[in-house]
Amino acid sequence: MNTKGATTSSAGGTDGASDSSSAAKRNSKKPKYSRFTQQELPACKPILTPGWVITTFIFVGVIFIPIGLASLFASERVVEIVYRYDEGCIPTNYSDQKLAYIQNSTTNKTCTRSLIVPKQMKRPVYVYYQLDNFYQNHRRYVKSRSDKQLRSRASESDTSTCDPEGTTPDNSPIVPCGLIAWSLFNDTYGFLVNNKTLKVSKRNIAWKSDQEHKFGSDVYPKNFQSGGLIGGAKLNASIPLSEQADLIVWMRTAAFPTFRKLYGKIEKDLEANENVTVVIQNNYNTYSFGGKKKLVLSTTSWIGGKNDFLGVAYLTVGGLCLFLAISFILVYVVKPRPLGDPSFLSWNRNPSGV
Amino acid sequence: MAGGRRKRQRFSRIHAFSCGRASFNGEHSLIGGPGFSRVVYCNDPECLEASLHKYAANYVRTTKYNIATFFPKALFEQFRRVANIYFLICALLSFTPFSPYSAVSNVLPLVVVIGVTMGKEAIEDWRRFKQDIEMNNRNVKLHLGDGVFEQNKWKDLKVGDIVKVEKDEFFPADLILLSSSYDEAICYVETMNLDGETNLKLKQALDGTSNFNEDSSFQNFKAVIKCEDPNANLYSFVGSLDLGEQQYPLTPQQLLLRDSKLRNTDYIYGVVIFTGHDTKVIQNSTAPPSKRSKIEKRMDKIVYFLFFVLVLMSFVGSIFFGISTSEDLEDGVMKRWYLRPDDTTIYYDPERAPAAAILQFLTALMLYSYLIPISLYVSIEIVKVLQSIFINRDVHMYYEEADKPARARTSNLNEELGQVDTILSDKTGTLTCNSMEFIKCSVAGTAYGRGFTEVERALATRKGSPLVEEEIEEELSQARRKGSPLVEEEIKEESHVEDFGETKPSIKGFNFMDERIMNGNWVSEPRSDVIQKFLRLLAICHTAIPDLDEETGKISYEAESPDEAAFVIAARELGFEFYERTQTSISLHELDPVSGRKVERLYKLLNILEFSSSRKRMSVIVRNEEGKLLLLCKGADSVMFERLAMDGREFEENTKEHINEYAEAGLRTLVLAYRELDEEEYNEFNKEFTEAKNSVSADREEMVEQVAEKIEKNLILLGATAVEDKLQNGVPECIDKLAQAGIKMWVLTGDKMETAINIGFACSLLRQGMKQIVINSETPENKALEKMGDKSAIAEASKASVVHQISEGKTLLTASTESSEALALIIDGKSLTHALEDDVKDMFLELAIGCASVICCRSSPKQKALVTRLLKIKTGKTTLAIGDGANDVGMLQEADIGVGISGVEGMQAVMSSDIALAQFRFLERLLLVHGHWCYRRISLMICYFFYKNIAFGFTLFFYEAYSSFSGQTEYNDWYLSFYNVFFTSLPVIALGVFDQDVSSRFCLKFPLLYQEGVQNVLFSWVRILGWAFNGVLSSTIIFFFCLRAMEHQAFRRGGEVVGIEILGTTMYTCVVWVVNCQMALSINYFTYIQHLFIWCSIGFWYIFLLAYGAMDPNISTTAFMVFIEACAPAPSYWLLTLFVLVSSLLPYFTYAAIQMRFFPMYHNMIQWIRTEGQCDDPEYCHMVRQRSLRPTTVGVTARYEAKSNRWKDKPEEQS
């Protein structure tokens, strides 16, 4: 009886469901092979081999140290004069009533000081005022302005966000409205070198985009500082906002409570040991919140003003990387480690946990 | 039909139908009462009363939503997540004045996130809907009146309809059987989908309806059925049928359940009584529980933790704010006059500082919301969907023969696949294909059969074991010659598949190969006389029915169980073709050894001594043509050897040895023996036997047994058969790999204990030398008690015995932990009932966990679910249940992950599973590759998410400290809202979808890698907190370095100083760089996609800056021209970015380098040897593999090792 392969019979309680596979090969649900669907895409699979680690550390170190040196050097080249005058400019008889002094509009607020230039300062010399403990980044303060109003005359009455300095008591809009504008810094500085007045230029101290796009050339100050409580500086109502450089600078709110703002530029070199006389109109009230006021004269380099931090930080991290590279090399040389040490597998450490 | 008729008579005869005519008993008096109120007017669609009852339609819905309910329901689902509620509240609050940012910028991300999630939900439900449609549109023949039956859709069936179901069709609803193609109105039903049992169930219609067996007879059929209300109990049914005057009781005997299948019966007529959701099977299926993975649960905890941090931060902030606000106005003197504290709203009012502080608290809650990753949930869902697409598209999990790819039905559980601790597996249809094959036999002490069992194959592919025959040996050596072990493995795999194709039986149920016996060659074997008797016995001693195909002349058999069929087929193939059965005779075509021709022989069938589980054997008594009386007997070795005659033990030793070998290989063995009877003896027996059979006393069965006992002795051994309960392809290897991965495997089956143990052996879950703890309720004492009939006493006693057995097992367990001997626990269903009782279950579980393999046999679907729940809840470990039948549904739903095998027809298991596979062996790839990948992807992804949001959120917090906690952000509103959506989202999704620590090849090569998931090392609290710490560190570095570097001096040559917008932009640039590069550092797998996403995210930030900055200042507000005018031309901006980037990454980089070098994790090691090219060096591989302290106790490898140990030990003993 030749049986092999020839007979097909259905047997037992089960039926022969054999020939379904041949049917409908075309409609096969077989997933199509592609390297993508099979997750076999070509890939680089970096792992942190000692070689890579050491190379990376050395690389970072080698890059960072020169950058650090360059930054530090640039920062060191900057000449900076910082003079704090808020305390010193209070007459001695008012030293206990600073607040009364500053709030009294009749007192003489002029204060003359002289500064020695420590090193030659190449022009332009930037004049900053620095305020301390002044929360220009307070939410109430930051929000209290109307960009629309600043931008165009048409939105003059758009003062909804400006409370409480939005409108005058008779409901006419204040331009520029809001707390920021209202509290505009109003100390002024005059500089004399060898009794000759140094011109302080206000040109280009504000961002161009602000002057061109955010502060309208047809918007003129109106009802500004006319209320009962005077905040800070007054504005010349005949100059459009786009020309009010001090205001524009002030309206870019600072990020931190200690900040500098550009006051102007001195387009003249200051020689070393030159005596600069500063005539300060000490008007701005920082006394009530205990803020300091400083006058800053500074040159700049490619990195900006004087700040060693970046240079030092680069050097430190660069050094650290080199140190790590050396340590890894040492470890590698001193104690090359074979792979086959099972004692570090997490589940080998607590076999009971299984 | 004539042949059919004849056949029918016989069949029922053989079955010696004992189901007894149903009679009205106690339960039937309940009909009409509460719970038994259903009234069905059969075949009477226009009946008024019928229309009064609003019974459910036969449409079965599995969808979650419909068009109307989708929006409210899906939205509700979304906002059940605490995080989403929080974001919703934030979004609502952002319209109030104390919002720190604009409303639109806050609402948009939420809308995007919710929208995407709901879209996903809609697509998934749509798929379910399509599946429903398919199911509900199946056809069935419905009686339309006047005796006309026509094809109709399932969904259109109504209660009371008469349907005609044909052979191998599923029942469309719960039916009452009215009549069938058999005269006795019986039918055979396969209930595999319901309870997983493969044997056919016999159902019989009432006498009163049995003659309605033609289409036309339903023309005037009218009846009323009163029965119980829909319930979930599969095995009980109470009702009555009024047919004219007569009333008949209805029992489960007449009930045909939906989703079971008509077998061996040409057609039946039935009346629909339960439709749609009323059907028992659907009542049984509980709503699929929504499962969430452990990782997600832990993730929730992290979210809560972040909430806590957020509230804490807000609280601290608001206190500081309150203090500074209250100090603004003291006795009418303004401190910070520029804030106008004298003329303010409540938010900043010094007079009402506490109120202001509380409002500020709310503001801060919104402000720090960036600490909670809003896009986390949606990103995870996207990632999971993509992951499951990869699972679906994996060609290695595609089953060619059934044309079925793997299908992840829910994508929620992908990462859970990487953490499975225990697999609970069904047997039939899952491990086995549910087909029996005659594969070996031992006749006259000689073993025949060269076929390979699956397990032998697996052992052979493992190493060249002594069992292996040349074929595989050769392939192996070929493979070896080709070199690398990897290639070897692949070749083996290939050859294995081919091999399978070759040996795949062309005859179902027959896989026997031995030229010594086949093709009539047995005639020349030394003991051909024994072989002849042996084969003849196979052909006679059974209850199968031949079915002659008129056209081809081929004979097929219908038997109660597939193994019986296998015997008859084997006999046929070996030359003893059984072709006809009458009530009193069996006819064979026999090969006559003398003439070498085929002769017809007729055997008079005198008695059948039936098989029962207690007897474990069956016999027939026949008279052959020579007039000799023969008792032919086959049975389990445990009962057969003791019944041999003294002179019948000639081959006992050899046969026993062979049987042990077969059993070891997982084959089902039966011992065959015969005996010649003399007339006297027979007559005496026959008298007693008839008497016993006809007795009406309760212990009739017992009497019959006793009589049979008397005659079944002094047998002469012929040999033994071995039938393979065919394992699915690759099951032993798969189990081996899973065992090597440290996954435990429990088998829960409804099958008999013997079968289960066989399969245990076949799967290498059991092996020789493994100590088996068998807990069995079928002890003699219990049986004795059962006779007494006192139910409570039985329960108590059997419980006591179970407890006793368990505690005995535990003492064994403690003993074995010292000797590190592997234990196996085998428990049967009855014992399981007791073992699962509250006071015992802990003890039971402890024992079960201690054992290397656990097999629960005879377990009901509910018990399966209970065991799963017990294991899941008590151990807290992840469980995976795998099964194919409706009886596994409970288990699948209960387990953390349910895997349905979609190979067989039944869809129940697949429908309630989370992942559907076509074959068990795909589990290996699903767990070890996809599971592992998904686990590490998701865990890394979540960690990274928290990292990036902490890194970002803390910069906000630090800034608050410098702005008097007023709630001002240093970032533009749109920077904030785009952070999670654009600048950081894509790389993290790429990580979640594509990252792989090692390739799939290595995942499979080093299964132990899987333990990373089981032990949860990648998502441990240490690791999570480590990432959180890294986040805080990064944000500290970013914030304070930016602060110090940009303090108050000019930041560029033009003397300009830094304002809030420049600082914000710079810091944000740093954040974007740092988090994206951190991503680049922490992933292991860079395809072009990763490159694209990471660098594009960074690039996109600059593009965004340019584009947004170029917009009208009304839109761009503080970001107007900030990059192009202020930042880009300033060298310090770029230098600062570089510096912050490097210094933020440095800690992690150093940590990772040290870890890689000194404390490598398992995947690190594999990566290591991969990079160094040692992955093909067997020594290295072995070293890396040998990392587990816990020896693998089950699986082919373990078996091989145990075996070789035994070999090693033996010579020592001898010497």
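Numbered from 1 within each chain, the chains take letters A, B, ... in sequence-line order. Remember, it's a predicted structure, so these values are computed and weren't measured experimentally.
- By the 30° and 60° cut-offs, the orientation of the rings of A:Tyr314 relative to B:Phe1139 is tilted.
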Item to check | Trace of the side chain to side chain donor-acceptor pair (under 3.5 Å) decision for B:Thr344 with A:Arg140 | outcome: CA-CA 9 Å; B:Thr344 182; A:Arg140 171 167 165 83; 3.2 Å; yes
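- In this structure, chain B has a heavy atom under 4.5 Å from the backbone of A:Phe259, while its side chain stays farther away.
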Item to check | Verdict with supporting geometry, B:Gln968 and A:Thr253, side-chain contact (heavy atoms from CB on, under 4.5 Å) | outcome: CA-CA 12 Å; B:Gln968 178 58 34; A:Thr253 44; over 6 Å; no
Item to check | Derivation of the side-chain contact (heavy atoms from CB on, under 4.5 Å) call for B:Leu1136 and A:Leu310 | outcome: CA-CA 7 Å; B:Leu1136 185 60; A:Leu310 206 55; 3.7 Å; yes
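- Contact count versus chain A (heavy atoms, under 4.5 Å) is highest, among B:Ile1154, B:Asn1114, B:Val1014, for B:Asn1114.
- Of the atoms belonging to A:Phe64, it is side-chain heavy atoms, and not backbone ones, that fall under 4.5 Å from chain B.
- Within the 4.5 Å cutoff, the side chain of A:Arg139 has heavy atoms near those of the B:Gln360 side chain.
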Checklist entry - Would B:Glu1047 and A:Phe309 satisfy side-chain contact (heavy atoms from CB on, under 4.5 Å), going step by step from the backbone distance to the final call? => result CA-CA 10 Å; B:Glu1047 256 180 337; A:Phe309 174 79; over 6 Å; no
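- Within the 4.5 angstrom heavy-atom criterion, atoms from both the backbone and the side chain of B:Ala1126 approach chain A.
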Next on the checklist: Between A:Ile67 and B:Leu1138, does the side-chain contact (heavy atoms from CB on, under 4.5 Å) criterion hold? Intermediate values first, please.
Outcome noted: CA-CA 11 Å; A:Ile67 295 178; B:Leu1138 175 67; 4.0 Å; yes
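- The residue among A:Ala313, A:Gly318, A:Gly291, A:Gly231 with the most heavy atom pairs within less than 4.5 Å of chain B is A:Ala313.
- For the pair B:Glu1125 and A:Lys208, the salt-bridge criterion is not met [side-chain N within less than 4.0 Å of a carboxylate O].
- Only the backbone of B:Val993 comes within less than 4.5 Å of a heavy atom of chain A; no side-chain atom from C-beta onward does.
- Remark: the backbone N or O of B:Glu1056 is not paired with any side-chain donor or acceptor of A:Trp207 at under 3.5 angstrom.
- Side-chain N or O atoms of A:Gln38 include one that pairs as donor or acceptor with a backbone N or O of B:Val395 at under 3.5 Å.
- Interface remark: B:Met436 contributes no atoms to any contact with chain A (heavy atom separation under 4.5 Å).
- Contacts between A:Pro164 and chain B at a heavy-atom distance below 4.5 Å involve backbone atoms as well as side-chain atoms.
- Of the atoms belonging to A:Thr56, it is side-chain heavy atoms, and not backbone ones, that fall under 4.5 Å from chain B.
- Comment: B:Asp1112 engages A:Arg151 in a salt bridge, judged by a side-chain N to carboxylate O separation of less than 4.0 angstrom.
- For a residue to count as touching a neighbouring chain, one of its non-hydrogen atoms must lie under 4.5 Å from one of that chain's; by this rule B:Asp342 touches chain A with the side chain only.
- In terms of heavy atoms, B:Gly1054 sits closest to A:Leu262 at O-CD1, 4.4 Å.
- Contacts between A:Asp308 and chain B at a heavy-atom distance below 4.5 Å are absent for every atom of the residue.
- Between A:Gln39 and B:Tyr1085, the shortest heavy-atom contact is O-OH, 3.7 Å.
- When the shell of 6.0 Å around CZ of A:Phe59 is examined, it contains 12 or fewer heavy atoms from other residues, nucleotides or ligands.
- Of the options B:Tyr962, B:Tyr338, B:Tyr348, a ring-ring contact (aromatic ring centres under 6.0 Å, His included) to A:His138 is made by B:Tyr348 and by none of the others.
- When the candidates A:Glu80, A:Glu165, A:Lys261, A:Gln136 are compared by the number of heavy-atom contacts under 4.5 Å with chain B, A:Glu165 comes out ahead.
- Remark: B:Arg393 CZ to A:Phe36 CZ distance equals 9.0 Å, nearest 0.5 Å.
- B:Thr1117 pairs by the side-chain hydrogen bond (donor to acceptor under 3.5 Å, both in side chains) definition with B:Asn972, not counting sequence neighbours.
- With a threshold of 4.5 angstrom between heavy atoms, A:Ile303 approaches chain B through its backbone and through its side chain.
- No side-chain heavy atom of A:Lys306 sits less than 4.5 Å from a side-chain heavy atom of B:Gln1049.
- Between chain A and the residues B:Ala1045, B:Ser1000, B:Ser1132, B:Ser999, the most heavy-atom pairs under 4.5 angstrom are made by B:Ala1045.
- Residues B:Phe1120 and A:His213 place their aromatic rings such that the two centres sit under 6.0 Å apart.
- A heavy-atom distance below 4.5 Å is found between the side chains of B:Leu1063 and A:Phe256.
- With A:Trp302 as the aromatic partner, B:Arg1052 does not meet the cation-pi criteria of under 6.0 angstrom to the ring centre and within 45 degrees of the ring axis.
- Every residue two or more places apart in sequence or in another chain that forms a side-chain hydrogen bond (donor to acceptor under 3.5 Å, both in side chains) with B:Ser324 is listed here: B:Ser964.
- At a threshold of 4.5 Å between non-hydrogen side-chain atoms, the residues A:Pro124 and B:Arg1053 do not count as touching.
- Annotation: side chain of B:Leu1146 is in contact with side chain of A:Leu320 (closest heavy-atom distance under 4.5 Å).
- The only member of B:Thr1118, B:Val1058, B:Ile1062 that meets side chain to side chain contact (heavy atoms under 4.5 Å, CB included) when paired with A:Arg252 is B:Ile1062.
- Proximity to chain B involves both the backbone and the side chain of A:Val53, based on heavy atoms less than 4.5 angstrom apart.
- If you measure heavy-atom distances from B:Leu1081 to chain A, you find no contacts under 4.5 Å at all.
- Proximity to chain B (any heavy atom under 4.5 Å) is restricted, for A:Tyr128, to the side chain, taken from C-beta onward.
- Side-chain contact check for A:Leu48 versus B:Gln1155: every heavy-atom pair is 4.5 Å or farther apart.
- The contact between A:Leu41 and chain B is made by backbone and side chain atoms together, counting heavy-atom distances below 4.5 Å.
- Proximity to chain B (any heavy atom under 4.5 Å) is restricted, for A:Ser71, to the side chain, taken from C-beta onward.
- No donor-acceptor pair under 3.5 Å is formed between the side chain of B:Asn1084 and the backbone N or O of A:Ile47.
- With a threshold of 4.5 angstrom between heavy atoms, B:His930 approaches chain A through side-chain atoms but not through N, CA, C or O.
- In this structure, chain B has heavy atoms under 4.5 Å from both the backbone and the side chain of A:Phe289.
- For the pair B:Pro1113 and A:Asp147, the minimum side-chain heavy-atom distance is 4.5 Å or more.
- Residues A:Asn137 and B:Tyr959 meet the side-chain proximity criterion, which asks for heavy atoms closer than 4.5 Å.
- Within a 6.0 Å sphere centred on CD1 of B:Ile1124, heavy atoms belonging to other residues, nucleotides or ligands number 12 at most.
- Both the sub-6.0 Å distance and the 45° axial angle are not jointly satisfied by B:Arg1157 relative to the ring of A:Phe328.
- Chain B forms the most heavy-atom pairs under 4.5 Å with one residue out of A:Pro50, A:Ala43, A:Ala254, and that residue is A:Ala43.
- Remark: side-chain polar atoms of A:Tyr135 are not paired, donor with acceptor, to backbone N or O of B:Leu339 under 3.5 angstrom.
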